[in-house]
Amino acid sequence: MKITGSKAIIESLIQEGVDTIFGYPGGAIMPTFDALYDYDDQVKHILTRHEQGATHAAQGYARVSGKVGVCLVTSGPAATNAITGIADAMLDSTPLVVITGQVGAALLGTDAFQEIDVVGITQPITKWAYQIRRAEDIAWAMARAFYIARNGRPGPVVLDLAKNAQFQEVDFEYKPCTFIRSYIPVPKPNPSQIELAAQLINSAKKPYALVGQGVVLSGAEKELMEFLEKADIPAAWTLLGASAMSTDYPLNKGFLGMHGNVSPNMKTNECDVLIAIGMRFDDRVTGDLNTYAKQAKIIHLDIDPAELNKNVRADAPVLGSAKQTLPAITQLLKPAKHTEWIESFDVYDKKENDIVVRREVYPATGELTMGEIIHKISEATHNKAVVVTDVGQNQMMAARYSNFSQTRSLVTSGGLGTMGFGIPAAIGAKIGAPERTVLMYSGDGGFQMTIQELGTILQEQIGVKMIILNNHFLGMVRQWQEMFFEERYSFTKMKNPDFITIAKGYGIEGYEVSKREDLDNAIADMLKDDKPYLLVANVEMKGMVFPMIPAGGSVTDILLGDEGDKNDNSEPEVILEESILNA
């Protein structure tokens, strides 16, 4: 049938199963928005208040639903506003298709009003960026875009749509893309590497698995359990790998990385075989590569050949989807028991609980702490909520003290660390999983970076539960200033507005809590229904996130803070807990 290019865009989205678009209209994309007007019963458009908000919302939607997130924005500043979210999606392997408007093809290269080289800007931060100049190329480009975004290692694709192509008429026929000759999204595993990996695990006395987001993206959670249980392998998770295993899973030993748990980090340098599954050996996990797991044989499972031997050289690099490679290895494993090795994690766990967790989650006196608030909310939601975070101390605390009972339950900006991610990502997460409670943790700094998205919540009545952990500082930067810059708090103290009054202006109910005795009732009130809510929790101004591995340090150089009561009105002394090695 002959239709306009703008209608061809919408018809293509429908053919790809898209039910939600996040966007913001403008001149160069107006024909497509005009076409969208006739499809409101088939495709829902969420009007965000900023194009960055649209991309983060699409990320949140994609992360909890497993679908491709879609954004529709105009040219020039709209496209450049979307850059942060596109880059964030690239680093965190989030499937997005971002459609940007562009000036007409006849004006390209003339510096026309709101013209910018979108393809040139976005090529380094996308899986594919392509400019559509003719209506007859729309169906082909859209099918290719969705195929690339969702298959293999997911990521963002940008289509730059010239205005003339939206007006032109075309005989529309949509053929989903199932093959691109130059792109092999799921490489075929090498049987010899599968066999070598199995041999190394079968001979291991102290095997140890590191679980990344690749397990979640490939839907290999069940395969992971079967693999770990057959060979009795303890496992820890990266920030983006959170919720691949439930918190109470017996072989789940906790959170890796700079602010992770003590035992997962320490055991990295004690295991004899290290099995990395769908993770990229990020510097926040490895610390100093010169001291990282030098005693261990390394097995690395990843779908992206660029990740193998990039940071850590693997003895058995296993290329392929974890959905395929994990069961292939499991089939060759001998049933084993590593009871003594697994129990050896306990001594570190006890040390951390005694020094850090008791202080952070169960304080008897003093100001509210981030840890106790997150822990109480997790319990109140029966560990079933989707947890969305902003970036900073709130992010690390939410990862540490939230408990997870099902997959796709933590949405956070991992690779790029984007402040302002929280509110819009929570909007997308709630739309992607409307039946689930969505919690959004933010600091007072990050919340104000995308505070305009409260307008999106108002217009759509999106029932996200927002919690500001308010310490009147850019908390993580302040922590580094205190520890490494002689307490020179350069431009990190914040004078904040009345957040509750602002929320009320957007029709959002809220409450501000400062006292421990009021916290339980405040949480209950927040969770009593599925309406949007803002809880402002005033926490200790100079709270610290421990444990901490200093940047560039070894994974065994773990700072635990003072062993005393954090509420004894004395400044906590930061100590290097080397004695933990001999605990």
Side-chain angles (χ1 to χ4, degrees), residues 63-64 66 92-93 152-154 186-187 189 193-198 200-202 204 206-257 260-261 263-264 267-268 271 273-282 285 296-304 307-308 314 316-338 341-342 345 383 399 403-410 414:
R63 293 270 283 273
V64 300
D92 284 355
S93 303
R153 181 178 181 175
V186 183
Q193 294 298 334
I194 295 285
E195 291 173 9
L196 177 57
L200 290 173
I201 296 169
N202 284 333
K206 299 178 179 180
Y208 183 31
L210 311 182
V211 177
Q213 189 186 202
V215 171
V216 176
L217 294 175
S218 63
E221 294 90 345
K222 180 174 177 288
E223 289 78 5
L224 174 67
M225 303 298 108
E226 293 170 349
F227 167 79
L228 296 176
E229 288 165 14
K230 186 172 183 180
D232 201 28
I233 301 173
W237 41 272
T238 67
L239 178 63
L240 295 185
S243 82
M245 304 176 285
S246 63
T247 303
D248 61 0
Y249 181 60
L251 292 171
N252 183 350
K253 295 301 175 182
F255 178 27
L256 290 161
N261 298 116
S263 68
K267 290 300 177 179
T268 301
C271 64
V273 173
L274 187 70
I275 309 134
I277 308 168
M279 54 88 75
R280 57 190 178 89
F281 289 114
D282 176 77
V285 166
K297 295 289 186 182
I298 307 294
I299 301 168
H300 190 180
L301 283 63
D302 208 285
I303 199 170
D304 186 350
E307 294 298 344
L308 297 177
V318 180
L319 183 62
S321 168
K323 188 80 172 176
Q324 297 175 351
T325 57
L326 275 173
I329 294 172
T330 302
Q331 189 175 6
L332 301 177
L333 294 182
K334 298 174 182 176
K337 281 292 178 185
H338 297 104
W341 164 238
I342 292 171
F345 283 72
N383 306 326
N403 291 325
F404 304 107
S405 61
Q406 61 189 93
T407 191
R408 293 188 178 270
S409 290
L410 180 65

Check your understanding: Does Gln213 use its side chain to pair, donor to acceptor, with the backbone of Asp92 at less than 3.5 Å?
Key -> yes
**Study point:** From CG (Asn252) to CG (Asn261), nearest 0.5 Å
**Key:** 9.0 Å
Practice item. Of all the heavy-atom pairs spanning Leu332 and Ala198, show the shortest one and how long it is. Key: CB-CB, 3.6 Å
**Study point:** Lys267: salt bridge (charged side-chain N to carboxylate O under 4.0 Å, His left out) partners, not counting sequence neighbours
**Key:** Glu270
Practice item. Quick one: sort the Phe255 and Trp237 rings into parallel, tilted or perpendicular, breaks at 30° and 60°. Key: parallel
Review point. How many angstroms lie between atom CG of Leu301 and atom CD of Gln193, to the nearest 0.5 angstrom?
Key: 10.5 Å
Review point. Where do Ile233 and Ala209 come nearest, in terms of heavy atoms and distance?
Key: CG2-N, 3.7 Å
Practice item. Start with the C-alpha gap between Phe227 and Ile201, add the side-chain angles, then the distance that decides, and say whether side chain to side chain contact (heavy atoms under 4.5 Å, CB included) holds. Key: CA-CA 11 Å; Phe227 167 79; Ile201 296 169; 3.8 Å; yes
Exercise for review: Kindly compute the distance separating CG (Leu200) from CD1 (Ile299), expressed to the nearest 0.5 Å.
Suggested key: 4.5 Å
Check your understanding: Is it the case that more than 12 heavy atoms not belonging to Gln331 sit under 6.0 Å from its CD atom?
Key -> no
Review point. Val211 and Ala235: which non-hydrogen atoms are nearest, and at how many Å?
Key: CG2-CB, 4.1 Å
Practice item. Please examine the side chains of Glu223 and Thr330, heavy atoms only from C-beta on, and report whether any two atoms are closer than 4.5 Å. Key: no
Point to revise | Closest non-hydrogen atom pair, Pro207 against Ile275 | key: CB-CD1, 4.4 Å
Practice item. State whether the side chain of Tyr208 and the backbone N or O of Ala236 hold a donor-acceptor pair below 3.5 Å, judged by distance alone. Key: no
Check your understanding: Which pairs count as side chain to side chain donor-acceptor pair (under 3.5 Å) when at least one residue sits in residues 225-234, sequence neighbours excluded?
Key -> Lys222-Glu226, Glu229-Tyr249
Review point. What are the two closest non-hydrogen atoms of Phe345 and Trp341, and how far apart are they?
Key: CD1-O, 3.5 Å
Check your understanding: With distance as the sole test, does His300 use its side chain to make a donor-acceptor pair with the main-chain N or O of Met279 at under 3.5 Å?
Key -> yes
Check your understanding: Atom CG in Asn383, atom CD in Gln406: separation rounded to 0.5 Å?
Key -> 10.5 Å
Review point. Roughly how far, to the nearest 0.5 Å, is the SG atom of Cys271 from the CD1 atom of Ile298?
Key: 6.5 Å
Point to revise | Closest approach of Pro154 to Leu217 (non-hydrogen atoms, all atoms of both residues) | key: CD-CD1, 3.9 Å
Point to revise | All side-chain hydrogen bond (donor to acceptor under 3.5 Å, both in side chains) counterparts of Ser246, not counting sequence neighbours | key: Asp248
Check your understanding: Checking side chain to side chain contact (heavy atoms under 4.5 Å, CB included) for the pair Ile342/Lys253: CA distance, chi angles, key distance, verdict?
Key -> CA-CA 9 Å; Ile342 292 171; Lys253 295 301 175 182; 3.6 Å; yes
Exercise for review: Evaluate whether atom NZ of Lys323 has more than 12 neighbouring non-hydrogen atoms of other residues, nucleotides or ligands under 6.0 angstrom away.
Suggested key: yes
**Study point:** Gap separating the CG atom of Leu240 from the OG atom of Ser93, nearest 0.5 angstrom
**Key:** 8.0 Å
Exercise for review: Would you check if the side chain of Asp302 reaches a backbone N or O of Asp304 as a donor-acceptor pair within less than 3.5 Å?
Suggested key: yes
Check your understanding: For Arg408, does its backbone N or O pair with a side-chain atom of Ser243 as donor and acceptor, under 3.5 Å?
Key -> yes
Review point. With side chains defined as the heavy atoms from C-beta onward, is the minimum distance between Ile303 and Thr325 less than 4.5 Å?
Key: no
